[in-house]
**Student:** 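Below is a structure I'd like to ask you about.
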Amino acid sequence: MLDVRINSFSEYKKAYRESVENPEAFWDNIAEQFVWRKKWNKTLSYDFSKPEFKWFEGGQLNITENVLDRHLEKDGNKTAIIWEPNNPLEESRIITYRQLHAKVCRFANVLKNNGIKKGDRVCIYMPMIPELAIAMLACARIGAVHSIVFAGFSSSAIASRINDAQCKLVVTANEVYRGEKPINLKGIVDEALKDCPSIQTCIVYRRALEPTLMVGGRDKFWMDEMAKANADCPAEQMDAEDPLFILYTSGSTGKPKGMVHTCGGYMVGSAYTFDNVFQMDANDIYWCTADIGWITGHSYIIYGPLLCGVTTVMFEGIPSYPDFGRFWEIVEKLKVTHFYTAPTAIRSLAKQSLEFVEKHDLSSLKVLGSVGEPINQEAWHWYNDYIGKGNCPIVDTWWQTETGAIMISPLAGITSTRPTFATLPLPGIQLMLMDENGNEIETSTEKAEGRLAIKFPWPSMARTVYGDHQRYKETYFSTFENAYFTGDGAYRDAMGYYRITGRVDDVVIVSGHNLGTAPIENAINEHDAVVESAVVGFPHDIKGNALYAYVILYDEFEPSEQLIKEIKDEVDQSIGAIAKPDKIQFVKGLPKTRSGKIMRRILRKIASGESDFGDTSTLLNPEIVEDIKNNAL
Ligand code: 7RM
């Protein structure tokens, strides 16, 4: 835990004011909380036009000395990671800070023994097991750049990411179970490596006893390599601005962008936000259900919590196995105090019988979190009433892969929460709402809606798109002058509270009118029969584009002409006739990413009658795509 925690609303306001008046002093004070080998000589230099941002220049550090070494003296025997397996009959694992330190050092030597040096890129394609955390921290220990690829992605997705970053080594596991489904990770990697000439070594952790095909000269078992490696590994001294990791984020079009995060700024940002948003006590137990293959897992399963010296839970399984009570069973078993998940998980659990919740003792819970997409009223109240029993503040945290850390969120128990609002920016974060002409909507005492931008740099911001700085510039810094554009729309109330309304790049031009799909979906969702919807455009002879709505109904409702009419009326009333969808298809589900984001790219293709959907392996529910396509209008 840091010594600069905000403890009251007046401290929040004071910190916010100071962060705007003198950002450098504000961040200096936070950065001083960490162990640096050498102090920085310039806090910030930046140029939005290049764009270039440098934080803590001249500072030298190794993030693993902050994640591990600094805790050893006082908290060496404290639990760093509690690992909960997919199969509840298997034993959990408890790893102390000292044990984690030892394993990270040893695996860092494994990497060195296999020719990995500072600056080299290492791909990690692993299930949610402690060895994933060990591998990523081992990279950081020796200054290698980790590029974690979510272990649900296909071989072609791995290959393109490995090739983009020219990784030299890949770490994987042989076989893993997700629910009842076995997944042969090593087989998927083998397929990928047929097209990856830069890879020299593949290290395989034996998660299952299954025989594993090994390629001579290239493939090595984790255990054998660990047995050969030295136990001591001094941390490599890194520049604050040296890259720490690359994480790919899929854009709405084109190939994924490798967002590059740095050692110094990311460390300061992930720890500062974790500490203030979650407000943990030393003996609390924190559980974030994300996968480490996603930025939430990087910042809020590993780096943030471990930098703050708390206990973090890592869960290998899925919410529905062996039944829909699994999350609540784990909360009870581990006495979880802080629970952080995504609205999509909340909604899917809220659909199940309440018995799954009620048979577990959730009284350990103190704080609940939400991330990944806007949380709707129903889901918010279900979470608040049945999981938090009305006693746990819900921190609705808005941020992005690109921001590295939480930007807008309540501070648990310190600032107010409000259903569906991410509320206030963290101190250090200067937001702007922009109108259609690209001007800032400055009136802070009136309600406003616009595109969300950030007008001042912050330490954990991504510094570039790996190998494509031009794309970094175009995507984030070309929409508005001297500001970072988030791609999201937001509403701000008269008190300055923000609610994120959704991506603004999901716009369709219908008969020359710019229509955002998010408000249309909101209107459709107002109908009592509707669980969720997604709206996309498709080519239309007269209008240029027309709207196509995919709608999920509650079980008690049957699709009918009457319903279609009522749904169109909802849109007509809330937005206008121009926004009424031409086509409404009732579906059983929507194609989603693991973090709950609707893959509109696929829905757009279905609506335009195309059938090449590209790689659907990154989806949570790839099977739904065929189903929607077969019933397309
Ligand atoms: C952390 C993460 C980023 C996009 C972002 C938003 C949406 C995330 C919230 C949210 C409303 C939230 N990184 N988003 N959190 N929308 N309320 N609390 O999700 O790079 O994968 O996605 O996710 O659209 O731009 S991400």
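Here the structure is a predicted model, which is why all the values come from computation and not from measurement. Order of listing sets the numbers, starting from 1, for every ligand and every atom in it.
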**Student:** Answer yes or no: does an N/O atom from D396 fall short of 3.5 Å to an N/O atom of ligand 1?
**Tutor:**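 There is such a contact, yes.
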
**Student:** Give the intermediate values and the outcome of ring pair (Phe, Tyr, Trp, His ring centres under 6.0 Å) for residues F150 and W294.
**Tutor:** CA-CA 7 Å; F150 168 59; W294 181 37; 9.6 Å; no

**Student:** Just checking Y125 against F153, ring centres under 6.0 Å apart?
**Tutor:**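 Ring-ring flag for Y125/F153: false, centres at least 6.0 Å apart.
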
**Student:** Considering distance alone, does some N or O of Q400 sit under 3.5 Å from an N or O of ligand 1?
**Tutor:**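 Checking ligand 1 against Q400, an N or O pair does fall under 3.5 Å apart.
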
**Student:** Go through ligand 1 atom by atom and flag the ones less than 4.0 Å from a non-hydrogen atom of V371.
**Tutor:**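 In order of numbering, the contacting atoms are 1 (C).
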
**Student:** Are the aromatic rings of F339 and W328 close, with centres under 6.0 Å apart?
**Tutor:**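 Close enough - the centres of the two rings lie under 6.0 Å apart.
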
**Student:** Suppose we call two aromatic rings close when their centres sit under 6.0 Å apart. Are Y16 and F26 close by that rule?
**Tutor:**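 When the ring centroids of Y16 and F26 are compared, they turn out to be at least 6.0 Å apart.
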
**Student:** Should the ring pair Y303 and F245 be called parallel, tilted or perpendicular, given that the plane angle runs from 0 to 90° and is split at 30 and 60?
**Tutor:**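 Parallel, since the angle between the ring planes stays under 30°.
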
**Student:** Are Y484 and W458 an aromatic pair, judged by ring center distance below 6.0 Å?
**Tutor:**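 When the ring centroids of W458 and Y484 are compared, they turn out to be within the sub-6.0 Å range.
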
**Student:** Return the residue, atom name and 0.1 Å-rounded distance of the protein heavy atom closest to atom 3 (C) of ligand 1.
**Tutor:**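 The protein heavy atom lying closest is W399 O, 3.6 Å.
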
**Student:** Taking 4.0 Å as the limit for heavy-atom contacts, which would you say applies to P374 with ligand 1: side chain only, backbone only, both, or neither?
**Tutor:**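 P374 to ligand 1: contacts from backbone and side chain alike.
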
**Student:** If we ignore hydrogens and angles and just use 3.5 Å, is the side chain of T397 paired with the main-chain N or O of S370 as donor and acceptor?
**Tutor:**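 Checking the backbone N and O of S370 against the side chain of T397, a donor-acceptor pair under 3.5 Å is found.
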
**Student:** Tell me whether D493 contacts the main-chain N or O of M495 through its side chain, where contact means a donor paired with an acceptor under 3.5 Å.
**Tutor:**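 Yes, the answer is positive, given that a donor and an acceptor are paired below the 3.5 Å cut-off.
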
**Student:** Is E373 touching ligand 1 with its side chain, its backbone, both, or neither, if touching means heavy atoms under 4.0 Å apart?
**Tutor:**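 The part of E373 near ligand 1 is the backbone, not the side chain.
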
**Student:** How far is atom 26 (S) of ligand 1 from its nearest protein heavy atom, and which residue and atom name does that atom have?
**Tutor:**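 Residue, atom and distance for the closest contact: T401 OG1, 3.5 Å.
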
**Student:** Which residue holds the protein heavy atom closest to atom 21 (O) of ligand 1, what is that atom called, and what is the gap in Å?
**Tutor:**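 Scanning the protein heavy atoms, the shortest distance from atom 21 (O) of ligand 1 goes to W294 NE1, 3.0 Å.
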
**Student:** Looking only at distances, please establish whether an N/O atom of ligand 1 is found under 3.5 Å from an N/O atom of G372.
**Tutor:**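 Yes; the residue has a nitrogen or oxygen that sits under 3.5 Å from a nitrogen or oxygen of the ligand.
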
**Student:** List the steps and the verdict of side-chain hydrogen bond (donor to acceptor under 3.5 Å, both in side chains) for S416 and Y497.
**Tutor:** CA-CA 10 Å; S416 349; Y497 281 52; 3.2 Å; yes

**Student:** If we set the cut-off at 4.0 Å for heavy atoms, which region of T296 has an atom near ligand 1: side chain, backbone, both, or neither?
**Tutor:**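 The part of T296 near ligand 1 is the side chain, not the backbone.
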
**Student:** Looking only at protein heavy atoms, which one is nearest to atom 6 (C) of ligand 1, and what is the separation?
**Tutor:**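 Answer, as residue, atom name and distance: D488 OD2, 3.0 Å.
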
**Student:** With backbone taken as N, CA, C and O and side chain as the heavy atoms from C-beta onward, which portion of I500 lies under 4.0 Å from ligand 1: side chain, backbone, both, or neither?
**Tutor:**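 I500 to ligand 1: side-chain contact only, backbone stays beyond 4.0 Å.
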
**Student:** Give me the nearest non-hydrogen protein atom to atom 22 (O) of ligand 1 as residue plus atom name, then the distance to 0.1 Å.
**Tutor:**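 Scanning the protein heavy atoms, the shortest distance from atom 22 (O) of ligand 1 goes to K597 CE, 3.0 Å.
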
**Student:** Of all the atoms in ligand 1, which lie at a distance below 4.0 Å from a heavy atom belonging to T397?
**Tutor:**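 Within the 4.0 Å cut-off of T397, ligand 1 contributes 9 (C), 12 (C), 15 (N), 18 (N).
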
